[in-house]
Enquirer: 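Let me begin by handing over the structure; questions about it come next.
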Amino acid sequence: MNVMTNPAALDVAPLDVGRIRQDFPILTQTIRGKPLVFLDSAASAQKPRVVIDAMVHAMETQYANVHRGLHWMSERTTEAYEAARDAVAELMNANDRSEVVFVRNSTEAINLLAHSYGRGVLKRGQAVVISGMEHHSNIVPWQLLRDAHGIELRVAPITDAGELDMAAFEALLEDGKVGLVAITHMSNVLGSITPAERIVRIAHAHGAKVMFDGSQAIVHRKIDVRALGCDFYVWTGHKLYGPTGIGVLWGKRDLLERMPPFLGGGDMISSVTYEQSTWAAVPHKFEAGTPAILEGIGLKAAVDYVRAVGYDAMAAHEASLTEHALSRLAAVDGLRVLGQAQDRGGVISFTLDKAHAHDVATLLDRQGIAVRAGHHCAEPLMHRFNLDSTARASFGIYTTHAEIDALADGLIRVREFFK
Amino acid sequence: MNVMTNPAALDVAPLDVGRIRQDFPILTQTIRGKPLVFLDSAASAQKPRVVIDAMVHAMETQYANVHRGLHWMSERTTEAYEAARDAVAELMNANDRSEVVFVRNSTEAINLLAHSYGRGVLKRGQAVVISGMEHHSNIVPWQLLRDAHGIELRVAPITDAGELDMAAFEALLEDGKVGLVAITHMSNVLGSITPAERIVRIAHAHGAKVMFDGSQAIVHRKIDVRALGCDFYVWTGHKLYGPTGIGVLWGKRDLLERMPPFLGGGDMISSVTYEQSTWAAVPHKFEAGTPAILEGIGLKAAVDYVRAVGYDAMAAHEASLTEHALSRLAAVDGLRVLGQAQDRGGVISFTLDKAHAHDVATLLDRQGIAVRAGHHCAEPLMHRFNLDSTARASFGIYTTHAEIDALADGLIRVREFFK
Amino acid sequence: MTQTDSFDDLRDLYQEVILDHGRRPRHAQRLEAFDATAKGDNPMCGDRVQVWVKLDADTIDRVGFEARGCAISVASADLMVETVLRRSRADTKALFEAFRTLARTGVCSDCAAALAEPMERLAPLAGVHEYPSRVKCATLPWHALIAALDGTKEASSE
Amino acid sequence: MTQTDSFDDLRDLYQEVILDHGRRPRHAQRLEAFDATAKGDNPMCGDRVQVWVKLDADTIDRVGFEARGCAISVASADLMVETVLRRSRADTKALFEAFRTLARTGVCSDCAAALAEPMERLAPLAGVHEYPSRVKCATLPWHALIAALDGTKEASSE
Ligand SMILES: Cc1ncc(COP(=O)(O)O)c(C=O)c1O
Ligand SMILES: Cc1ncc(COP(=O)(O)O)c(C=O)c1O
């Protein structure tokens, strides 16, 4: 299986995982007397020292509410918070910092879009296309839009290998009714990476805008929104080694400008009278109320950290981990990996015969190994494969090959135990 | 002026401000070489050591995504996060922990309500009543509801003293069309505390539900939602010495249960198929996506801290500060305090003749004193008093009488300077 | 690693009796004739169970179940059936409360003495208290049983 | 505290010339006859300004303004008028850019030599660079002036 590019071929210095691990204080913890083997980064990643320190530094030395203060603390806090916008704009190669809207998480970003683009720009009778491997957060907001606003919801099927069925996808767009394609850039269950540029080309050729749910992809791949050519891109800070409580909606400026606001309140207005209010310019139009200030500051530290490590090195490391994991897991009796996409990231879902996924997770936890089990907020995808749940191991920059060996050995024990 | 109850009469030990100040690392900072005098707590309060430590401890020793993990880290993090819900439920004397919905801030709480109660329960032709002293966050969401959903928006006027005009308020309810009263419990500009129990009695007598915007009140008064008798109560963590990124919507359980969800996505569902999804029980129905986990943990520490200090002691301290401030400011030539409510908390807005509020704020900042200047996200209230802006000093538990003297002296200098 | 005793660390939660009942439940069957039935649903993990009850006056005469879930939920359902057979409704509810305490806390120190003997059968499940999310796996069939006795159609262990 | 020199700490930002022009602006008037006008609006703080311009071919002949705002915005408007009178549109725009740099950074090291003399008049406003939010107060009248010259009706310093 061709798992991304071979690290050697990328000509990047291999990641010094030992050094990286020293940046994450939590990794020295033990669980039930065993060293922590944290293989649940796709659910939420651990936080490096620099993120913790940035938040502490703000709370200890310069904190106040932002944007409206004329005093020193407020000025400094505003600078620090707005610097996060610059960092994110640069990370994603946005045209302009004003294209970066801060939200709580991917879920809120998609809801914002479903509300402001869905109700504000799409017209009754138009359709939204999602795929058969979406997270609930990229399903439910469109269902709510469908039910409240008469927008049709179409689902592009996936193949048995867990890839988007491109012919079927294109067919869904043929009648020209599709106004927006909202598709994951990387599945949180299968690890599959979708062909973003092709999706954009096809969608644009049929007059549809494209949003990618990059919640997983941003952790594994350098995202260049201009190169992708997409119209919206969303992700969530806590998976990119940042704090909870902050996420990103990136959108092309002219589209953001055409969208009505989502939440109303302080900071998003230009002027307010009882009769009528007018809105601030983007991105502030979409950021009502006191923002997640400390979280923005933490996110900036995370973005800086990730850029310092380098996406090439991260991607190479994860490709190598994934390759190793797939080959070790293949040797576990009765284990079946879900999805065999050609292009995939470091997320592997599997089932074990004779043992239910929850029992697998608990028995691995007993050995200090953290994996997730359940439907992974992707019930329709589970049903597509006639499953209720799988176990899932997912990797971060701090994951080692030895941890994958521990997982494989642990699974062999589980299997023996349930024999 | 009767500023709350006299501390002595309350029979509580006076707050040991010196000791309290040691809990807030930031207070030792200097600004432009002068000791920081932070009088902008109404915009956002500083964070005590225990809040910082709680967040750091989570990030360093037990962190993972919540609710769905079967492994140790996730179990522990879920416990810590859900303990915040218990702490808040206890703080507010809720009937049940499931009545506590976590949101980003007050602004999101009010938008949630405007959406889910406004569109989901109120009927076209019904009305919402707000007051003449609301923050934009309690104006704009209702305007958006009015414009999208045909709900009438009524504004209960305030008196020249800055109090709710109760006769006029009651008159607005007389036709029985009002479905919801959404009113501040304490003005962030005037400091006025509204007569919550009377408002509830009148509203309920006319068949209207009541939501209080307690963003300011929760910092100054013990809030007992059962004693108040209200239906919804919202507040924001960062003003109660907690982190940014987390706020609270409390609602009576049966009302929350009748409301459709707001944001769709992970964690708020019971089951998802493409045709139809069903929702989780409250409060999870309203908490889509990965919540502000670290912020919940920080908020719990803040709530515990506030309860340990004690509302009686805090209220007495603030009453004493406010009394002192009003008398010191009264002696500043050309200074006019906005609002003279009988019942008020530690927020004082004022104008200085000959000096614009922005210049006042900047010149105070030059002396190390942080106050806010502007419309304080309450433009209609400013217009009510024919103003564009005021300066505002606001107090926290760490504020000292000496800091108020510094403010008064600083203002005298500003006044001299602009003479 | 392949020696039996190397599983000690796993065995404290998954005792032999749980593995055995999880693998080969004795009562996993739909009753043909029954007086009450209810479904239980754990939306957080997707576990589902249905319980059928045949009564003899106020006494539980037979119970059958169908479960889709983990070893713990299946074993718990099976042990539940063995525990409640020939008991009154009131006794069954008391047992449920006692079991709930056991599952949540690992002990049931103030359980009524009368329950001591039947509770012994459920003791192997006490280990779940360390896993708050697995507690629901263990209590789900009980929720369904109580719902059936109460005439409710659905229960959730959420 | 009442001695004059005790104001040193305040004076670095509010130099005498700013206080003076803020208190007694020379050009705070609506022009009767004008070729262009525009409003400027700072939604963050509520400052508002309107500028009227009378042109003589390509040269700015007269400017008047009405401002509602702080001492810095009023003084900046007044000093702006004195700086741009009898200058071409192009010069005025170059001055605006130079002033914007000055206000944001406190210096304008790479300002064109030709601007050195007029920029001197604006130098007292350099102190605002320490207050990012006050920078907008200083540049707001300029935004309005440029909008008037460009035929736009409204400008925002947001
Ligand atoms: C009375 C009042 N309501 C609402 C808010 C909005 O709070 P937040 O910005 O945290 O949403 C504030 C504070 O900014 C306030 O003082
Ligand atoms: C693909 C995908 N989309 C959306 C989400 C939702 O992210 P969040 O819960 O941070 O909103 C996740 C993660 O949970 C995800 O993996």
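We name chains A, B, ... by the order of the sequence lines, and we start the count at 1 in each one.
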Enquirer: Nearest 0.5 Å, please: how far is CZ in B:F418 from CZ in D:R23?
Expert: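 Rounded to the nearest 0.5 Å, the CZ-CZ separation comes out at 7.5 Å.
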Enquirer: Please classify the contact of B:K354 with chain D as side chain, backbone, both or neither, using a heavy-atom distance under 4.5 Å.
Expert: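 For B:K354, neither part sits under 4.5 Å from chain D.
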Enquirer: Side chain, backbone, both or neither: which part of D:I72 has a heavy atom under 4.5 Å from chain B?
Expert: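 Both parts, backbone and side chain.
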Enquirer: Is any side-chain N of the basic residue among B:D388 and D:R48 closer than 4.0 Å to the acidic one's carboxylate O?
Expert: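 Looking at B:D388 and D:R48, the cut-off is not met.
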Enquirer: Hey, are the side chains of B:R366 and D:F7 touching, using non-hydrogen atoms and a 4.5 Å cut-off?
Expert: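 Sidechains of D:F7 and B:R366: no contact.
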Enquirer: Kindly compute the distance separating NE2 (B:H358) from OG (D:S133), expressed to the nearest 0.5 Å.
Expert: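 If I round to the nearest 0.5 Å, the distance is 8.5 Å.
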Enquirer: Can you check whether B:Q367 reaches D:L10 side chain to side chain, under 4.5 Å on heavy atoms?
Expert: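 In contact.
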Enquirer: Can B:D359 and D:R134 be counted as an ion pair, charged N to O under 4.0 angstrom?
Expert: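 Yes, this pair counts.
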Enquirer: Strictly less than 4.5 Å between heavy atoms, which residues of residues 76-106 of chain D line up against chain B? Please order them by number.
Expert: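 No residue falls under the 4.5 Å cut-off.
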Enquirer: Would you say CZ of B:R384 has more than 12 non-hydrogen atoms from neighbouring residues, nucleotides or ligands within 6.0 angstrom?
Expert: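 It does: B:R384 CZ has more than 12 such atoms within range.
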Enquirer: Would you call B:R32 and D:E130 a side-chain contact if the rule is heavy atoms closer than 4.5 Å?
Expert: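 Of all side-chain heavy-atom pairs linking D:E130 with B:R32, at least one is under 4.5 Å.
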Enquirer: For D:E16, is the CD atom crowded, meaning more than 12 foreign heavy atoms sit under 6.0 Å from it?
Expert: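 Yes - once you tally the heavy atoms of other residues, nucleotides and ligands closer than 6.0 Å, there are more than 12.
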